[in-house]
Every structure is written in C-alpha cells, then in structure tokens.
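Each chain gets a letter, A, B and so on, in the order its sequence line appears, and its residues count up from 1.
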4 protein chains.
Amino acid sequence: MRSEIHPSGQGDRSFVENARRAQIIDCAIDAIAELGYANASLAEIARRAGISKGVISYHFAGKRELIGEIIGAILKKATAVMLPRMKAERSAAGMLRAYIETNLDFLGANPNCIHAIMKIGAATRDEADQPKTDYELAFQPAVRDLEKLLRFGQQQGEFRDFSTRVMAATIRSAIDGVAFQLEANSKLDLKAYANELVILFDLATRKAAK
Amino acid sequence: MRSEIHPSGQGDRSFVENARRAQIIDCAIDAIAELGYANASLAEIARRAGISKGVISYHFAGKRELIGEIIGAILKKATAVMLPRMKAERSAAGMLRAYIETNLDFLGANPNCIHAIMKIGAATRDEADQPKTDYELAFQPAVRDLEKLLRFGQQQGEFRDFSTRVMAATIRSAIDGVAFQLEANSKLDLKAYANELVILFDLATRKAAK
Amino acid sequence: MRSEIHPSGQGDRSFVENARRAQIIDCAIDAIAELGYANASLAEIARRAGISKGVISYHFAGKRELIGEIIGAILKKATAVMLPRMKAERSAAGMLRAYIETNLDFLGANPNCIHAIMKIGAATRDEADQPKTDYELAFQPAVRDLEKLLRFGQQQGEFRDFSTRVMAATIRSAIDGVAFQLEANSKLDLKAYANELVILFDLATRKAAK
Amino acid sequence: MRSEIHPSGQGDRSFVENARRAQIIDCAIDAIAELGYANASLAEIARRAGISKGVISYHFAGKRELIGEIIGAILKKATAVMLPRMKAERSAAGMLRAYIETNLDFLGANPNCIHAIMKIGAATRDEADQPKTDYELAFQPAVRDLEKLLRFGQQQGEFRDFSTRVMAATIRSAIDGVAFQLEANSKLDLKAYANELVILFDLATRKAAK
DNA sequence: GATGAATGAGTTTTCATTCAT
DNA sequence: AATGAATGAAAACTCATTCAT
C-alpha cells in the first residue's frame, strides 16, 4: 500500500532523517487514505511505521507540519510526473489532453496519494484557526496553471470563447471526481476513462468548425 | 444561518419530537458547514440549538444516525426543488440544462447544506468501521438518475455516443466543485456559472450536426 | 488534609456544581501542597477526589481556570478570617499586630492553603504565555493594603519615617517565610513566632521615644 | 545573560569536562531564570548551549544532579563574594549590615542566579520522591550561619534578647523577597533598599539604650 | 422529554532518558 | 566525547455516550 514518496527534503537534513520523514509521510498517506483523516491519529501512523509515537513528534513540529509535508510531497511527485509530458506538447489541445491523461495516470499509480489529499482537503478546510489551509494554498496554483493553459488556447484560436475559470474548475473537479470513483471501484479502467474525458473536454473547448 | 430543513420523520414520531429532530439537524448542518466536520462536536451542535448535549443522544441513536438524517433531509429538500423543474422539460438536453440550473440554484439558496454534505462525504467516506457510508448509499442513486437521463438522450438521438458513467460523474463533479468555489468566494455569480456549464455540457453531449 | 474551602461560586451555578467545584479545589490544594505544583496533575487531583479526569475538565475550562479558582478561594477565606480582627483595632501598631497574628493563625489552621499558594506562585511566575500571573494579580493588592496601613501609621505619627514599600515587602516576606518553615517542621509554635514578629516589627516601625 | 559560574568540579575531572559542565550549568541557570523551572527542559538548555541533548545526560547523571550542581555553584559563588566582607567586620551589628549589603549586591550583580535558585527552591521543595531536596540541604546551613551571627551579637551584648531562629528566618526571607521584587521591577534601587533593611534590622535587633 | 453530570477512551504533545554510532 | 535518533510514560484536553433525576 506504500506510495513511496520521498520528498528529498532540503539539504540541511541528514540522510537518515530524510528517510524517516519520508517513511512517516508514506505511512500517514496510507493511514489517511484508508481510515479517513479523523481516524489517522499519530498513534495509528506510528503503528504502521513500526515506531513509537514520539518519533513523529521528534521529526515534525506537530501534526500540522506533517500534513503540510504530505501535501508538499504529493504535489512534488505529481508535478514530476506531469511536467515533462505537458512540455512535450505544442498545441493547447494537446496539452489539455496530456494534462488529463497524466493526471489519471498518476491517480492510477498513486491512488492513496489522491485519496489522502482529498480527505485532508475536506477535513481541514476552514478550521477555526487557519483562514487558508495548506491544502488550498497548494492547489490554487494548480488550477491557475490550468487556467493559463486554457487562455493560451483561446489566444491561439484553438479554443472557443468560454470562462477559463469555470472550465478550469470543471476539468479539475472532473479529475478529482475520478478519485472518488476509484475508491469505490478499484478496477476502474482509467485509460478508457481518460479517453472519454479527453473527448468530452475537447468538444467543450474547441472552436466550432466554420 | 439556519437552513430550515425539516425531514418530517416517519409517521410514528410525535410532533414535538419531529420538531426537535429538525432543529438539531438544522444546527448540525450549520455547525458542520461553518466549522468543518471534525470540529462539529455534539457539544457545539447542542450549544447552537440552545439545548443540552444529552438531548441529541436522546433523539438520535448516535452521531452516525444524526449524520444519516442530515443527508436524508438535504436530499429530500434538494429533490423537492429539482424534480418539478426537471419534469417540465421534454428534451434530454432541456432536462440536462434544468438539472444543472436547479442544482446551482439550490447551491445558491442553501450553501450551508451543500458545504455540510460535502464535508460529511469526504470525512465519513470509508471510515474504518463502516463499509458503505450513508453518504454513498444516498448519493449513488443521484448519479444513477443522471445516468438514466443521459442514456435517454442517447436513445432519443439527441446525445452522441459517450460513456454515460463518465459523463454523469463529470457533471456531478462539476456541480460539486462549484460548492468549494462558493465557499472561497461567496459572491460568485451562479447564474453566469450555470450558463457556462450548460453550454459546456451541451457541446460535450450533443450529436455533431451532419 | 482537606482544607474545606468552599468558594461559594457566583449565583448562576447549581448547588451540585458548586459542591463539585469546591471538592475539586480542595483536592487540588492538597495535591499541590503535598506533591508540588508540577506533580499535581489533573489525574492525581481526580484520583484524590475519587472521580474521573474528565470531571475536572467538565467543571473547569482548563488547568489555568482551576488554579485561578484556587487562588480566589484561598484569598476569600483568608480575607474572611483577617478582616474582622483588623477592623477591631484602632491604632496603626495594633492593626499591624493584628495583621501578623491573623496571618499566622490562618497559616496554622490552613497550612496546605499556604503551601499550595506559594508553590503556585513559584511555578507559574512568568511562564511564557502569561505576562502577569493570577498569583501576582491576586497578591499585589495584599501588599498594597499593607503599605496603606504603614502610611497611615506614619501620618498618625505612630511610625517613624521609612520606605513603606520596603517595610511592607519585608513583613509580607517574613510571613511567607513562616510557611516554608512550617513545611519543614509542622510542630512550630506559631503563637510564640507571632509574638517575636510583632515585637520585631514594632521596634522596626515605631517612632523613637524623644 | 550568562552568569559565568564555574563550579570547578572536584579534581578527578578533566579540564574539558569541567568546562562543559560549567557551560551547561550557566545555560541552565539562564533558562530557569528566564522561563521558569517547569519550562527549562533539557532540550531548551541544550539549545542555549548549542549542544545536543545527549551531552547533558552524558555529563550529569540526571536532571537532579544538574540541579544540585547549579545550587552548589551559586552557593559557592555567593560565599566567595560575601565571606571576605563579613570577615572585615568586627561588631555583630557591622556583620549583620555586611550580610544584608553583600546579599543585595550579589542579587544586583547576579539576578539570574537568584531567580533560578528561588524557582528551583519552590519547584523542588518536597517533591514526591525526595524527602529532603538538595535545595534545603544547601540552604539550611546558610540560615544556621546567620543564626550563629545573631547569637554572637546577643552574647556580646550588642543585640537584645530575641529568638535567633525567628530573626534569622525573617532576615533571610526579607532578602529573598527582594529577588521577587527585582524580577517585577529590574530598575529597583538596591543600594537604597539595602539601607532601609539595614536600619530596619538594626532597630529590630539592637539593645535598647538604657 | 429533558437535563446536568459523569465517564473513559482517545487525541496531540512534551520530556527525561537511553543508546548505537 | 558527542551526537542524533528513538523511546515511552505522562501531561492536558476533547468528545460521544450513558444515566439518574
């Protein structure tokens, strides 16, 4: 069930420390994905890692920092997978296709990462003490990049005139929705699903032929 | 902030009892929407209702039942708003438009209901002890009805050939996604948003002109 | 070991609640006096009261509130003992004598109260988060009243010219010091001790005979 | 903020080891004085010393030994300052004056030492597991020496007849009380304070003129 | 029907201490 | 000699639930 995310923390941490942090982050992702955010206590995470509770406190300032690192690690990994394939495309439509396909690939390869991040998002959204959650701070850029891509397509004349905000949010939601379905049915054919989405959003975005 | 949902429980409950249950459900919705699922403790809900904690336990077998009733109440209310407008349409495309519009209308009129239900969905989804959550049991039919509508459109020859599962999930996700945005920006223009979505999914579903 | 302090909380609390609060306060005083502030955990206090830990949290917002109530309760009790005897005196020298005697009487009758309050004072003094502790807020007035008494004596011509601040602080310290000695030697003769102190401070304050 | 106390441990320790111990003791004094006894964790002390936590455990058998060494170090330093000035006096009254003045001098020059020692005294006084604390063991002699001085004064006919125990305790308490005031108001004029105390206790001790 | 009180398991966090390297 | 890592017990506090009145 491990997702093997290794954030390869910033330089000033020792190899051993980075390994432990990565291990804890992995176990935390699994625990959140499988048990839900509320049930993923530090005790449970420690149990899965086969370490004592104190170790987590030793390596992370608190649960908040751990959650922040989880989001960071997942984002980093997702970006690493997606960026090269996005850059290989020239047309806006191609990039949009690549965006959808790589997202679903990542989803298929790392279901727990996505489940975890969605549960974190839902559970920590606007808690009393933090006006903007780490989750939101992390994902606003993701949607913004998508918007840029769409605007680029409109400028190129590939895409019709639509609200880039709405379209970006819809594409993002569509992909996030796949995660939920994947949770209910782990045998979902993601390749086929990606094809459907690609066609769907191609029709929804492209400029009607004269 | 009250949402005034009255589930009007089944017949064998007294008037007073139903009123209390409805009041508790309303306050619970507000609490979950405003504080997040994790922070909406029974104590907080009781505080908002101006009653003692014990009352909640008296009227509901446990927190789980309360959550289940919340979902039921919201679903009932949403259905009551949407069904008539759906039925007024003849064409599949018209019904899809009505579906999107009524959903966003409901969202605008009852933001707390939607925020609450999304937080419940994310938080209770596959907790350790319950294989299928009330949430899932309640919402699978909702998506299934949408699927039926899409299949009907295909049979009528209005809609192109696509996976009704994927399309239904995407439409549902698109609408759910609006709730998140509404939370971040309460001044969102929902009418305009609905128009964008209607056009988007019209293009995505309709049969290409010969 | 009980000190039987019953703060008789403000009117809006039920009889039962006040009784529980008083019981918890009593046990907390004993625990602090006997084990020291650091070792007087909520668990230990609950154990002494024969109740569960949660009860303390139920009745007091937190440990800080409990400590505040302890100080308030002791102060109230001490004042109740001292005030009448102070008022019965006419001369400043008589009042000073009454102050010393009643303080030592209270000390003898309620050693745990004094031990507890001194330990609280030492342990909570300038913790990071509270610039002025409850303890200081509670005891500054006590020293200030003593200063007023000394100034009155000077104005009456009974007392010589000295710094009322220094004298007040010294008298207060002398009395507090008795508490420490009482802790080490519970058979201390407080009557004799009081007499010694009365003479000591009489000599130190009175105007030299012409 | 360093107080630079170097206990110069007993002979069988290497120079390096003694230096480390002294450094740790200094940092511990500062930490206790500034943060309070409870907040002066080994981690905090290590942080201030720029070393790892383990080093403290390496050099001291436990926290208790560290505390004991702190008391010893301060006592040694205080004695070194006070003894010569005491010995320079011939009369008992002069020695008493020197005692008060040197104590307050030391207080002004080493506020952290005094703050630390008072916090240690209050916090460790009769903790559950140690019948007599290092603190008490260390300070009983200090009061006993004062008592000897007072008895000497009575034998010389300089001092009136009073309980030397009470007088010694009162003088000691008066001086300790200054430390608390100094904490609240660091601009306290200690010279003036010392003068007041000298006069106060001179009047309180001397034999009335015939 | 409703309440206040109590419970006890559970949460995160802190800390002195130990130990292999 | 020193370190970073790990431990495990204990801390304060939260919360769903139970129950006598």
Please report the distance, rounded to the nearest Å, between [atom1] in [X] and [atom2] in [N].
X: D:Leu66; N: E:dC15; atom1: CG; atom2: P; value: 15 Å
X: D:Ile24; N: F:dA2; atom1: CD1; atom2: C1'; value: 11 Å
X: C:Asn39; N: F:dA12; atom1: CG; atom2: C1'; value: 15 Å
X: D:Leu35; N: E:dT14; atom1: CG; atom2: P; value: 14 Å
X: D:Arg21; N: F:dA1; atom1: CZ; atom2: P; value: 12 Å
X: D:Glu17; N: F:dA1; atom1: CD; atom2: C1'; value: 9 Å
X: B:Glu65; N: F:dA16; atom1: CD; atom2: P; value: 15 Å
X: A:Ile67; N: E:dT12; atom1: CD1; atom2: C1'; value: 12 Å

Sidechain-backbone polar pair: A:Glu65 side chain, A:Ala61 backbone, donor-acceptor under 3.5 Å: yes
So if I take every side-chain heavy atom of [X] and compare against [options], which nucleotide ends up nearest?
X: C:Leu42; options: F:dA16, F:dA12, E:dT18; value: F:dA12
X: C:Ser41; options: F:dA2, F:dA11, E:dA5; value: F:dA11
X: B:Val16; options: F:dC15, E:dA2, F:dT17; value: E:dA2
X: C:Val55; options: E:dG1, E:dA6, E:dC15; value: E:dA6
X: B:Ser52; options: E:dT17, F:dT17, E:dT3; value: E:dT3
X: D:Ser57; options: E:dA16, E:dT18, F:dT17; value: E:dT18

Along DNA chain E (nearest heavy atom to each residue), the more 5'-positioned of B:Phe15 and A:Tyr58: B:Phe15
Residue whose nearest DNA chain E nucleotide is more 5′ - C:Lys53 or A:Lys53: C:Lys53
Nucleotide paired to F:dC19 in any strand shown, Watson-Crick or G-U, under 3.5 Å: E:dG4
Counter-base of E:dT11, judged by Watson-Crick or G-U geometry with both distances under 3.5 Å: F:dA12
Verdict with reasoning, C:Ile32 to C:Ile67, per side chain to side chain contact (heavy atoms under 4.5 Å, CB included): CA-CA 10 Å; C:Ile32 294 171; C:Ile67 298 301; 4.1 Å; yes
Residues D:Arg48, D:Glu34; criterion salt bridge (Lys or Arg N to Asp or Glu O under 4.0 Å); working and verdict: CA-CA 12 Å; D:Arg48 283 166 179 256; D:Glu34 288 167 28; 3.0 Å; yes
Side-chain N,O (C:Ser14) to OP1/OP2 (E:dA5) below 4.0 Å: yes
Under-4.0 Å side-chain N/O to phosphate OP1/OP2 contact, C:Arg20 with E:dA5: no
Touch class at under 4.0 angstrom, heavy-atom based, for D:Ile51 against every strand present: sugar-phosphate
Residue met sooner reading DNA chain F from 5', once A:His59 and D:Gly54 are mapped to nucleotides: D:Gly54
Check ion pair C:Arg20-C:Glu17 (N to O, under 4.0 angstrom): no
Shortest non-hydrogen contact from D:Ile29 toward D:Asn112: CG2-O, 3.7 Å
Minimal non-hydrogen separation, B:Ile56 against B:Ala46, with atom names: CD1-N, 3.9 Å
